[in-house]
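Read through the structure below, which is laid out as structure tokens, and then see the notes.
Chain A is the first sequence line, chain B the second, and so forth, proteins listed ahead of strands; every chain is numbered from 1. Since we're looking at a predicted model, the values are computed, not measured.
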There are 2 protein chains.
Amino acid sequence: MMQRQKGVALWRQIADRIRASIAAGDYDATGRVPTEMVLAESFGVNRHTVRAALAALAQEGIVRAEQGKGTWIERRDKFDFPIGLRTRFTQGIGDQARDLKGVLLSAEAETATAETARWLKLDIGAPVRRLDALRKADGRAVSRSTMWFPSARFEGIEEAFRQTESITRALSACGVPDYLREVTEVSAVHAEPDDVAQLALSPGAIVLVTKALNIDPEGVPIQFAITRFPADRVQFSIRNG
Amino acid sequence: MMQRQKGVALWRQIADRIRASIAAGDYDATGRVPTEMVLAESFGVNRHTVRAALAALAQEGIVRAEQGKGTWIERRDKFDFPIGLRTRFTQGIGDQARDLKGVLLSAEAETATAETARWLKLDIGAPVRRLDALRKADGRAVSRSTMWFPSARFEGIEEAFRQTESITRALSACGVPDYLREVTEVSAVHAEPDDVAQLALSPGAIVLVTKALNIDPEGVPIQFAITRFPADRVQFSIRNG
DNA sequence: TATGGTTGTCTATATTAATAGACATTAGAG
DNA sequence: CTCTAATGTCTATTAATATAGACAACCATA
């Protein structure tokens, strides 16, 4: 059933499977997770191993155990982040959360690396501004972005983002009232130490990584962003037409 | 640096980070992974722990160690799977692999569950045909799909897929020469036992999950599919316009 | 051919993960 | 109140993970 000696503790594998079951709505009829003994038998492990898994899920705020009663689902919904021609972070996730915050972690003047230059159609070494931002929805970190803008057009982007907490409004302040998403690459990796720290994840947790290019209505690249989302809190939906 | 006591063995965390470095092209200048001693110092662990990580990557076919010389990158590219209005598996991944295979694992007549009915706009309990398929590119499993079709229009879809090894051609044989991708949901989870077995993954590995709806040119739903991709072999790219 | 650098293998030890059992604590039903 | 069923806590033991050191095997090259 479960696999041993593969570098992932049994309790973590079980936590991952219970989390997936909750997300899939398996326990929605009762809102309750099966008892520790039932889970232990179904996974073929000791009750203490299941307890370790449930403790991890409780730590994440997904379940809550009540002595004498049972263990209950605390939260199951993911944020759904739509990706399309007009992809906007604040709008996209806006109606799913009450409190949205965009925190500017750092801003620096840099020169374009090979990758940045390729995406932004600049020469390698061209001046760019890099912004690092953390976004929170209802107090939970939902993304960590590193964004690059051509310095020539976006000198004051840093201050504008700090004030408005929104890329759309910051770009507007820099004279770009509208922009389009040209391409989004999606991949998934394990959380790195920076993700663990900033997104409050466990090692082994999954991070969805997008590389995205935004262009102005004339087709000129204005922003290249690498964004990392905690996969247990976010999913994407791509709508065509 | 690395996190302990979090249910993921150090060697597996290190394997994940080296894999990510290779995928990012960090070692492309030499095609060579740093020596075991250098890696051990940079991660702050014992050389044996690094050796366990490299052994796992060698098992995956990503690196190859040569005694006395060093450890070399064996393979680094991911398949890029484009998602758009006309998403086609075989076409999309076709020019990136020499050998493409679609194996029908099972086919059954079922009645629509709540989820299937919602996506296909059928009544719950309506007759549907379910197909399970495994796709391989150059011998490596790249996806595992479960697909549902309304039975009324797609009685012979199973036999058509078995012969053509392609959904596009199977649909064409059922009188649907063209179809469109309406929506694709993307999420990521840890590999489940079935993924481990069929996609040849390790527990703790990442699986990208898509839920996709295809419609005919009149907008009538014809196929709902849940597809699971190994995240270390596949990425998605979403192009707009 | 001698040397330095690299991977491969072995032994030993300490720490962490997993199992097992016993019993306490709490909540709800009868 | 009593009984049952559930979670919470403790001890003990076994298995797996991580560290440490020593040395063999192999490769390139000075």
Does a side-chain N or O of A:Arg51 approach OP1 or OP2 of D:dG8 to a distance below 4.0 Å, or not? yes
Considering just the side-chain nitrogens and oxygens of A:Thr35, establish if one lies under 4.0 Å of OP1 or OP2 belonging to D:dA5. no
side-chain N/O A:Thr49 vs C:dA17 OP1/OP2, d < 4.0 Å: no
Within this structure, what is the CH2-to-P distance between A:Trp11 and D:dT17, rounded to whole angstrom? 14 Å
Could you check whether the rings of B:Phe229 and B:Phe236 sit parallel, tilted or perpendicular, using 30° and 60° as the cut-offs? perpendicular
Comparing B:Glu36 and A:Ala52 on DNA chain C - which has the more 5′ nearest nucleotide: B:Glu36
For A:Arg228, which of A:Val234, A:Leu201, A:Val209 qualifies under side-chain contact (heavy atoms from CB on, under 4.5 Å)? A:Val209
Closest to the A:Gln67 side chain, choosing from C:dT25, D:dC26, D:dT17: C:dT25
When you measure only distances, ignoring hydrogens and angles, does the side chain of B:Arg47 come within 3.5 Å of the base of D:dG21 through a donor and an acceptor? no
Counting heavy atoms from C-beta on, name the nucleotide in C:dA18, C:dC10, C:dG8 closest to the side chain of B:His48. C:dC10
In whole Å, what is the span from the NZ atom of B:Lys69 to the C1' atom of C:dG8? 16 Å
Could you work out which one of D:dT7, D:dT19, C:dT7 sits closest to the side chain of B:Ala65? C:dT7
Could you check how far CG of A:Leu10 sits from P of C:dA18, rounded to whole Å? 5 Å
For C:dA20, take OP1 and OP2 only and decide whether either is under 4.0 Å from a side-chain N or O of A:Asn46. yes
Nearest heavy-atom approach of A:Asp194 to A:Arg144 is CB-NH2, 3.5 Å
Roughly how far, to the nearest 0.5 Å, is the CD atom of B:Gln96 from the CZ atom of B:Phe81? 10.0 Å
Nearest to the B:Ala9 side chain among C:dT19, C:dT6, D:dA18, which nucleotide is it? D:dA18
Cationic tip of B:Arg17 within the cone over B:Phe43's six-membered ring, i.e. under 6.0 Å and within 45° of the normal? no
Between atom CG in A:Leu39 and atom C1' in D:dA5, what is the gap in whole Å? 15 Å
Round to a whole Å and report the spacing from CZ of B:Arg32 to C1' of D:dA28. 11 Å
For the pair made of CD in A:Gln13 and P in C:dA17, what is the distance, rounded to whole Å? 14 Å
